[in-house]
Each structure stands twice: as structure tokens, then as C-alpha cells.
Amino acid sequence: MEKSKQQDGHEISSEEHLRHPLFLNALQSIEEGGKIIKADPNIVARLKRPKRCIIVSVPVRMDDYNVKVFSGYRVQYNSTLGPYKGGVRYHQDVCLGEVVGLAALMMIKNSVMGLPYGGGKGGISVDPTKLSRTEKQNMTRRYTSEIGPFIGPNKDIPAPDVGTDPQTMAWMMDTYSQEQGYTQSGVVTGKPVEIGGSLGRNGATGLGAVYVTERTYEKIGKSMKGATFAIQGFGNVGSHAALYAFERGAKVVSVSDVNGGIFNGDGLNIKELIEFVKTNKTVVGFPKSQKISNEELLFLDVDTLMPCALEAVIDTHNVDKIKARMIVEGANGPVTNDATKILHSKGVLIVPDVIANGGGVVVSYFEWVQDSMSFFWDEDEVNNRLKSIIVKAFDKAYLMAKEKNVDMRQAAMAVSVDRLQKAMLLRGLYPR
Ligand code: GLU
């Protein structure tokens with residue numbers, strides 16, 4: 001295997017999955033975070049590699065009776081702070097490298113959020129919109145069975161991500177439980193409430209992003225009320241973020257989904273839009289709005305831009321066209337590191353994904369705790385606890401950014417690496 005020397009003197013493999021752009025971005029962030037806190041280079045070297053990568057074949061009987069074999073992945077990045085934790089993504093662009101990158105982001109996120117979890121992520125390379133419900137169920141069950149020996153409530157706890165939802169988690173929980181011989185609801189989070197899910201989990205990522213946005217406005221001495229928002233992506237994260245921002249008086253002038261975007265300078269009525277999407281399956285065509293492209297949405301002159309779709313939508317190629325004054329990353333990795341630096345130098349405030357979209361995994365944590373006690377909280381308790389955890393994480397990073405004169409992404413990384421380092425030094429290296 002080819003090896004090359006990194007600046008810090010540690011060897012890094014040139015294996016393809018360790019060179020995915022999303023992972024390289026995460027590695028750069030880990031290094032930068034480490035530098036800020038003057039971390040031990042041995043610790044940083046360990047944080048730059050996934051602990052375990054699992055690749056599985058997922059044969060599925062399709063509706064036409066033919067069998068299709070999909071590639072599935074589960075990456076267990078780090079378990080210093082607790083069991084692996086992170087979502088499962090169904091998307092045609094999923095590959096091992098992307099899952100490694102997303103798993104690294106989960107490690108960073110769980111650490112900065114102060115949760116007792118390591119980082120993990122899973123996925124299947126598939127376009128789920130092309131599958132029937134039966135095909136999706138068969139694929140989910142076989143994938144769960146294949147990764148079954150490696151997951152469990154105390155080992156690795158999957159959750160929803162792009163292309164998966166509470167129903168997917170219900171099938172995963174059922175498959176795992178059937179194979180174990182008894183119900184183990186804590187094996188996944190993001191389940192429907194009827195089978196051990198938590199109230200508030202479904203909207204938690206969007207709500208957390210809005211709590212963080214509100215806090216950011218407070219810090220800069222402004223109000224979110226009346227501020228203009230553009231939100232890219234109208235899936236679980238984007239639609240909830242739009243709704244909660246709208247309910248708090250923000251003027252959401254533009255949203256988009258895979259089919260394109262819509263714009264109304266006076267603000268869109270998000271409650272009506274959600275009803276519209278239920279029947280029409282897209283935001284496009286919503287009355288009293290004009291159609292724009294997904295790209296155009298990114299370049300709107302708004303107070304807050306929330307990219308809530310996929311990674312790397314803002315990079316050095318289009319960063320000059322960004323006019324928003326604040327960017328809150330609802331998706332994982334939507335703004336590349338290089339673009340972040342350019343925007344930061346222009347005074348754009350970027351709230352990084354590992355804090356902005358941390359609401360999902362925080363309420364996943366609550367769900368896991370509730371499952372283990374078989375004692376369930378009401379929604380207000382969930383939301384209040386979410387607010388206090390996510391605001392605390394934001395404040396910690398904000399303080400670090402001010403103290404060290406760095407951007408919020410670097411600050412969040414520093415907070416995260418610091419916590420991981422302390423735990424790793426206490427645990428030591430096995431065998432020695
Ligand atoms: N997929 C979500 C994320 O990227 C949630 C993960 C979880 O709840 O474990 O943060």
C-alpha cells in the first residue's frame with residue numbers, strides 16, 4: 001500500500017476511501033482544531049483514522065422477482081466517549097469514502113455536543129425514490145441483518161439520515177429484535193413513538209438549528225423576527241427548520257427541493273407550503289411563489305442561508321456569489337473548509353454543521369435514555385432539554401472562537417478535539 005507523509009510526520013494511507021473530499025475536509029478540520037488546543041500529535045493521528053469499516057452486500061428480491069445486490073456500509077469511527085452513534089443514509093452517491101467522512105463528522109459532533117457517544121455512520125448506495133415500499137423494507141431488513149453482529153444498544157446505534165425515516169428505523173429495530181429473540185428498542189433511534197421513539201425526535205434537527213440561529217442573532221444583538229431566510233432542502237431538516245423559523249417570525253423567502261426552488265420576497269407561508277407538499281410531493285408550483293433554481297437560492301441576498309440538503313454545495317467555485325450574512329449548516333458538510341475561510345474573512349458568520357444540526361443526535365440520545373428506562377418524557381421536556389444542550393455547545397464554541405480569534409468551525413473542532421483528547425489520554429492506548 002502506498003503511503004505518503006503528512007506535514008505532522010504521520011503517515012496517511014492513500015486508500016481511495018480515505019481520500020474522499022468530505023473526509024479530507026474533516027481531517028483538515030481535526031488538524032486545525034488540534035492546533036488551536038495544541039493537542040498531542042499522537043492523539044490527532046489516531047483521530048484521523050476510522051476504527052472499523054464494514055462493507056456488506058445487500059441482496060434484495062425486487063418486485064419483478066429479480067435479485068439486485070446493493071452495497072451497504074457501516075463505519076465505526078471512534079468509540080472513546082461511548083457507543084458508536086450516527087445515521088444511515090440511502091442515496092445513490094453513498095460510497096465508503098463518504099460514509100467515512102460522515103462518520104468522522106459524527107465523532108466530532110457527538111463530542112462537541114457533550115454526548116456519551118463515539119461516532120459512526122452507515123449507508124446504502126441506492127436511489128430510494130426508485131424502490132417500492134416492499135423493496136425498501138426487504139433491503140433495510142437484509143442490511144440490518146448483515147451489520148447485525150456489529151450493532152446493538154451498547155455497541156452502535158443507527159438513526160435516520162438522508163433517505164431514511166422513522167419507518168426505516170422501525171424495520172431495523174424489528175429485524176434486530178427478531179434475530180436477538182426479544183425486543184431491543186434501544187438498538188436504533190428515530191423510531192416512531194408507538195414503538196419506543198421519543199416525542200420531538202422527528203423535528204429535532206430542524207428545531208435545534210433554529211434554536212442555534214436564535215442564539216446567534218442574540219449574540220450579534222439582532223432579532224430573528226423579520227429576518228429573511230433562504231433554506232435549501234425541504235426534507236426532514238429543511239422543512240422543520242423552515243416551519244420553526246416561520247413560527248418565530250422569520251421571513252422565509254425561499255426554499256427548494258430536488259425539483260427546484262420557490263421564491264416570494266414577502267415571505268412564504270410555510271404551514272400552507274407543508275400542506276401543499278403533502279399532496280404535490282414538491283415545493284415547486286406553490287401558489288404565490290416564483291420558480292427559481294437550487295443554485296439561485298444559494299446566491300440570494302438574505303440575512304440567513306440554511307443549506308439543509310447535501311454536502312459541498314458551497315465551495316471555492318461559487319463562494320464569491322454568496323450574499324447571505326449568516327449561514328447555518330443544517331446539512332452535513334454543505335460549506336467546504338476553503339469556502340468557510342473565504343466567507344469568514346468577509347465577515348459572514350457560519351454556524352457549523354456539528355453544532356447547527358446536532359439537534360437530531362441530541363434527541364436521539366434522549367430517545368436511547370428513555371428506551372433504557374422505559375420511561376418517556378413529554379415533548380416540552382424533550383425540547384427544553386434539547387435547547388439547553390445545543391445552546392451550551394454553541395456558547396462554548398462561540399467563546400473559543402472569540403478567545404482564539406478563529407471561525408466557528410475551527411472553534412467547534414477545538415472544543416471537540418479537546419474533549420476527545422482528555423478522554424483518550426485517560427483511557428490510554430491498548431495494549432500500551
Ligand atoms: N443523521 C443525523 C446526523 O447526521 C442523526 C444521527 C443520530 O441521531 O444518531 O446527525
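Computed from a predicted model, the values in this text were never measured in an experiment. For ligands, and for the atoms within them, numbers begin at 1 and follow the listed sequence.
Residues meeting the salt bridge (Lys or Arg N to Asp or Glu O under 4.0 Å) test with Lys341, sequence neighbours left out: Glu32.
With rounding to the nearest 0.5 angstrom, the OH atom of Tyr90 is 12.5 Å from the OG atom of Ser125. Note that the OH atom of Tyr73 and the CD1 atom of Ile147 stand 13.5 Å from one another [nearest 0.5 Å].
Using a 4.0 Å heavy-atom criterion, the residues that approach ligand 1 are Lys85, Gly86, Gly87, Met106, Lys109, Lys121, Ala159, Pro160, Asp161, Arg201, Asn332, Gly360, Val361, Ser364.
For residues 205-217, the set of pairs meeting the salt bridge (charged side-chain N to carboxylate O under 4.0 Å, His left out) definition, not counting sequence neighbours, comprises Glu214-Arg248, Arg215-Glu218, Arg215-Asp395. Judged as a side chain to side chain donor-acceptor pair (under 3.5 Å), the pairs with a partner in residues 52-61 (not counting sequence neighbours) are, in order, Arg52-Gln76.
In this model, no donor atom of one side chain and acceptor atom of the other lie less than 3.5 Å apart for Thr336 and Asp338.
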